[in-house]
Amino acid sequence: MRRIRNTNSWVHFYFESLPEVRRTKSFWNFYQESKMTTSSESFFSYLYNYFEDFLFYITKDVLLVFALTFITLMCCKKCWKQKPSGTQLKPTLKKKWDTSSTLKEESPEIIIVGAGVLGSAFAAVLARDDRRVTVIERSMSEPDTFAGEVLQPGGYKILKLLGLENSLEGCEASKLRGFQIHDLVNKEKNNLFFRLVENEDIEDGRSFRHGRFVMGLRKIAMAESNVKFIEGTVINLVEDDGCIIGVQYKDKKSENVKELYAPLTVVADGLFSNIRKHLISQKPNVTSHVAGVTMKTPQELLLTKMNTIISDSSVFSIYTISYSESRVLINIAGEVPRNLKDYLMQSVYPVMPDHHKESFCEAVQNINFKVLPADYLPAATLNKSGVILLGDAYNIRHPLTGGGMSIILSDIAIWRNLLQNIPWLDNYEAILQAKKKFYWLRKMNCTFVMNISAELTHQMFSAKDSTTLLVRKAYFEYRNFGEKYSQKSAQMYGMLSPKPSSFLLFLGAVTVHAMHLALKSEPWYRKHHAVCTIGTILCKMLSFLIPLAYSEMCQ
């Protein structure tokens with residue numbers, strides 16, 4: 001093979017090997033002119049001038065090779081035989097599932113731990129897709145709690161799409177038409193409507209007693225022939241070779257410890273989950289506590305909006321839960337006071353609307369209230385085979401914005417669509433791929449916006465420093481610029497349009513308006529102080545947003 005001894009020879013060798021059509025005039029002239037000179041400096045100046053053309057031909061060859069390779073692989077892919085999808089059932093596990101019942105047809109395909117909102121609704125939906133489901137619940141009596149009593153319009157729409165709207169019958173559910181927020185510190189007020197006119201094609205939300213809603217969902221699930229309920233306490237998950245194959249539980253009637261096996265186990269045992277710690281390492285972070293007060297309310301005073309009041313001493317919301325009752329949801333910063341009754345009367349009663357004061361005082365005196373921790377738990381990836389973690393056992397946010405029930409129903413809808421494409425639930429590889437899709441879909445559908453907005457709203461409404469107060473003032477003023485701005489905000493918080501891009505643009509606009517307020521509030525000789533305030537505002541908003549966004553997207 002002929003060796004190329006110098007630079008000119010290399011160039012000549014390259015161009016002589018090219019077809020005639022590829023020798024552009026500029027490039028060929030460059031080569032001929034470079035041969036006519038003996039100066040290396042002249043040659044490299046020509047090389048510099050025509051480098052782009054030379055790079056174009058080299059790049060075109062590389063792209064052509066990549067394109068041909070890609071087309072070849074795609075053609076070969078169709079010809080390859082389809083591989084078995086996923087890990088097949090081990091003989092030992094299959095034997096256990098066969099012996100868990102007299103007949104194979106009677107053994108469950110899915111075990112659901114917990115018969116709350118998620119467990120009951122998911123069981124009904126799966127049974128309608130011809131799945132055999134067994135639900136294990138600690139107590140089948142009506143739950144007595146105030147968590148999860150608001151269904152945003154987006155959540156109510158999903159409830160109807162799942163065919164579960166009959167669960168609200170007998171709940172005395174009230175329509176939720178928007179938010180009314182009063183900032184007594186900045187003397188600002190927001191009226192946010194989910195829809196501006198009655199004939200607009202947007203559903204209202206619903207508010208109700210949590211326990212009645214759960215019982216309505218259980219009634220629907222029990223009506224399905226493929227669903228079986230067991231009253232008992234799940235002690236542990238049964239694991240074999242790194243795969244969850246069932247549960248160990250204590251039956252409430254016989255008090256015997258039993259085991260039940262199924263290809264897939266769904267853990268949805270709520271806020272105080274006993275099984276969460278065996279599946280993920282994250283622990284809930286208690287950001288504050290929430291007290292729920294039930295007060296008698298005349299029908300003419302019942303609200304059709306979620307009324308939130310912010311004062312120096314407290315932050316609380318009022319909403320309707322029945323035809324004669326309202327709930328007061330009170331945020332308690334830090335630890336719960338020893339004498340909660342005195343705290344409520346000193347911090348909440350003075351700023352309570354006048355027409356609710358008497359009922360509130362009576363409810364507090366009768367100790368008609370409960371306290372729960374307000375946790376924050378970002379969703380974490382769980383790749384263990386044979387198990388899915390959902391509901392409040394999986395993802396928790398502050399209840400101030402009332403988005404929890406809507407997120408739960410959204411998760412059910414996503415998993416229903418994913419499982420419809422997986423006929424055999426022992427196909428662990430297919431389930432793993434479905435989990436990866438689920439993690440991304442739920443973030444893009446609602447949880448990125450709903451989780452961050454709940455925590456951000458709590459931090460903004462509870463803060464007392466001057467910078468956050470200025471941001472909060474801008475937050476209210478921006479939404480009062482016009483119906484366009486207020487309705488977009490309401491639809492975002494109502495889970496009607498929870499797009500991450502719209503949410504980030506909204507936060508950016510609020511931050512810019514806060515900077516404008518800081519600059520406008522100072523006289524000309526103190527503008528340098530305004531510049532410092534602007535820097536503080538930017539740092540404050542980033543300190544709020546970046547940790548939350550990271551925890552939501554990077555888990």
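The analysis underlying the following values was restricted to heavy atoms, covering all of them including side chains, and did not include hydrogens, waters or symmetry mates.
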*With a cut-off of 6.0 Å (strictly less than), are more than 12 heavy atoms of other residues, nucleotides or ligands near NZ of Lys520?*
no
_Take a 6.0 Å sphere around NZ of Lys219 and say whether it holds more than 12 heavy atoms from other residues, nucleotides or ligands._
no
*Is any side-chain heavy atom of Val364 less than 4.5 Å from a side-chain heavy atom of Tyr349?*
no
*asked:* Quick check: closest heavy atoms across Ile537 and Ala518, and the distance to 0.1 Å?
replied: CD1-CB, 4.0 Å
*What pair of heavy atoms forms the shortest contact from Ser322 to Leu302, and how long is it?*
O-CD1, 3.8 Å
_Distance (rounded to the nearest 0.5 Å) between Ile452 CD1 and Glu552 CD_ = 5.5 Å
*asked:* Taking Glu522's backbone N and O only, do any of them form a donor-acceptor pair with Lys527's side chain (distance below 3.5 Å, no angle check)?
replied: yes
_Phe146 vs Leu372 side-chain heavy atoms within contact, under 4.5 Å_ = yes
*May I ask you to decide whether Arg212 forms a salt bridge with Glu172, counting only side-chain N to carboxylate O separations under 4.0 Å?*
yes
*Looking only at heavy atoms, which two atoms of Ser311 and Leu184 are closest? And how far apart?*
CB-CD1, 4.2 Å
_When you compare the side chain of Phe544 with that of Val471, does any pair of heavy atoms fall below 4.5 Å?_
no
*Please walk me through it: do Tyr475 and Leu456 pass side-chain contact (heavy atoms from CB on, under 4.5 Å)?*
CA-CA 12 Å; Tyr475 175 83; Leu456 199 61; over 6 Å; no
*Hey, does the Lys NZ or Arg CZ of Lys305 hover above the aromatic six-ring of Phe194, less than 6.0 Å from the centre and inside 45° of the axis?*
no
*Evaluation steps, side-chain contact (heavy atoms from CB on, under 4.5 Å), between Val247 and Val267*: CA-CA 10 Å; Val247 298; Val267 177; over 6 Å; no
*asked:* Test your reading of the model: is there a side-chain donor-acceptor pair from His182 to the backbone of Ile310, 3.5 Å cut-off?
replied: no
*Side chain of Ser486, backbone of Glu483: donor and acceptor closer than 3.5 Å?*
yes
_Just so I know, are the side chains of Leu470 and Thr533 near enough to count as touching, which here means a heavy-atom distance under 4.5 Å?_
yes
*Heavy atoms from other residues, nucleotides or ligands near NZ of Lys435 exceed 12 (cutoff 6.0 Å)*: yes
Atom pairs and distances, side-chain donor-acceptor, residues 397-417, under 3.5 Å, sequence neighbours left out:
unit_1, atom_1, unit_2, atom_2, d
Arg397, NE, Asn451, OD1, 2.8
Arg397, NH2, Asn395, O, 3.4
Arg397, NH2, Asn395, OD1, 3.1
Arg397, NH2, Asn451, OD1, 3.4
His398, ND1, Leu400, N, 3.2
His398, NE2, Ser288, OG, 3.1
His398, NE2, Asn331, OD1, 3.0
Ser406, OG, Gln152, N, 3.1
Asp411, OD1, Arg442, NE, 3.2
Asp411, OD2, Arg442, NH2, 2.9
Arg416, NE, Asp129, OD2, 3.1
Arg416, NH2, Asp129, OD1, 3.3
Asn417, ND2, Ala413, O, 3.3

*Compute the centroid of each ring, for Tyr376 and then for His458, and state whether the two points are separated by less than 6.0 Å.*
no
*asked:* Any side-chain to backbone donor/acceptor pair from Thr308 onto Ile181? Under 3.5 Å, distance only.
replied: no
*N/O donor-acceptor pair under 3.5 Å between Ser502 side chain and Pro498 backbone*: no
*Quick one: do Arg209 and Glu142 make a salt bridge, cutoff under 4.0 Å?*
no
*Between the side chain of Ser273 and the main-chain N/O of Asp269, is any donor-acceptor distance below 3.5 Å?*
no
*Under a 4.5 Å cut-off applied to non-hydrogen side-chain atoms, are Val214 and Val117 in contact?*
yes
*In Å, rounded to the nearest 0.5 Å, how long is the span from SG of Cys361 to CD of Glu358?*
8.5 Å
*Any donor-acceptor pair under 3.5 Å from Gln491 side chain to Ser497 backbone*: no
*Test side-chain contact (heavy atoms from CB on, under 4.5 Å) on Arg206 and Lys175 and set out the steps.*
CA-CA 5 Å; Arg206 294 293 186 272; Lys175 287 188 176 182; 3.7 Å; yes
*To the nearest 0.5 Å, what is the distance between CE (Met492) and CZ (Phe506)?*
5.0 Å
*asked:* Which heavy atom of Phe193 sits nearest to which heavy atom of Gln487, and what is that distance?
replied: O-CG, 3.9 Å
*Donor-acceptor under 3.5 Å (Ser347 side chain, Leu344 main chain)*: no
*Considering all heavy atoms, the nearest Tyr394-Leu389 contact*: CG-O, 3.3 Å
*Minimum heavy-atom distance Leu118-Gly391, with the two atoms named*: CD1-N, 3.5 Å
*Short side-chain to backbone donor-acceptor contact, Arg128 and Gly163, under 3.5 Å*: yes
*Under 6.0 Å from the six-membered ring centre of Phe476 and within 45° of its axis: does the NZ or CZ of Lys189 meet both?*
no
*How about Phe208 and Leu151: do any of their side-chain heavy atoms sit closer than 4.5 Å?*
yes
Listed pairs under 3.5 Å, donor-acceptor, residues 293-301 side chains, sequence neighbours left out:
unit_1, atom_1, unit_2, atom_2, d
Thr294, OG1, Arg327, NH1, 2.1
Thr297, OG1, Met295, O, 3.3
Thr297, OG1, Ser326, OG, 2.9

*For the residue pair Tyr485 and Glu477, establish whether any side-chain heavy-atom pair is separated by less than 4.5 Å.*
no
_Does Tyr319 form a side-chain contact (heavy atoms from CB on, under 4.5 Å) with Leu303? I'd like the steps, not just the answer._
CA-CA 6 Å; Tyr319 54 91; Leu303 302 173; over 6 Å; no
*Going from OG on Ser551 to CD1 on Ile546, what distance comes out if it is rounded to the nearest 0.5 angstrom?*
12.0 Å
*Gap between atom CD of Gln459 and atom CG of Leu545 - 0.5 Å precision*: 10.0 Å
_Minimum side-chain heavy-atom gap Gln365-Met345 below 4.5 Å_ = yes
*Can any side-chain N or O of Arg276 pair as donor or acceptor with the backbone N or O of Ala393 at less than 3.5 Å?*
yes
_Distance check, rounded to the nearest 0.5 Å: Leu382 atom CG versus Tyr439 atom OH?_
5.0 Å
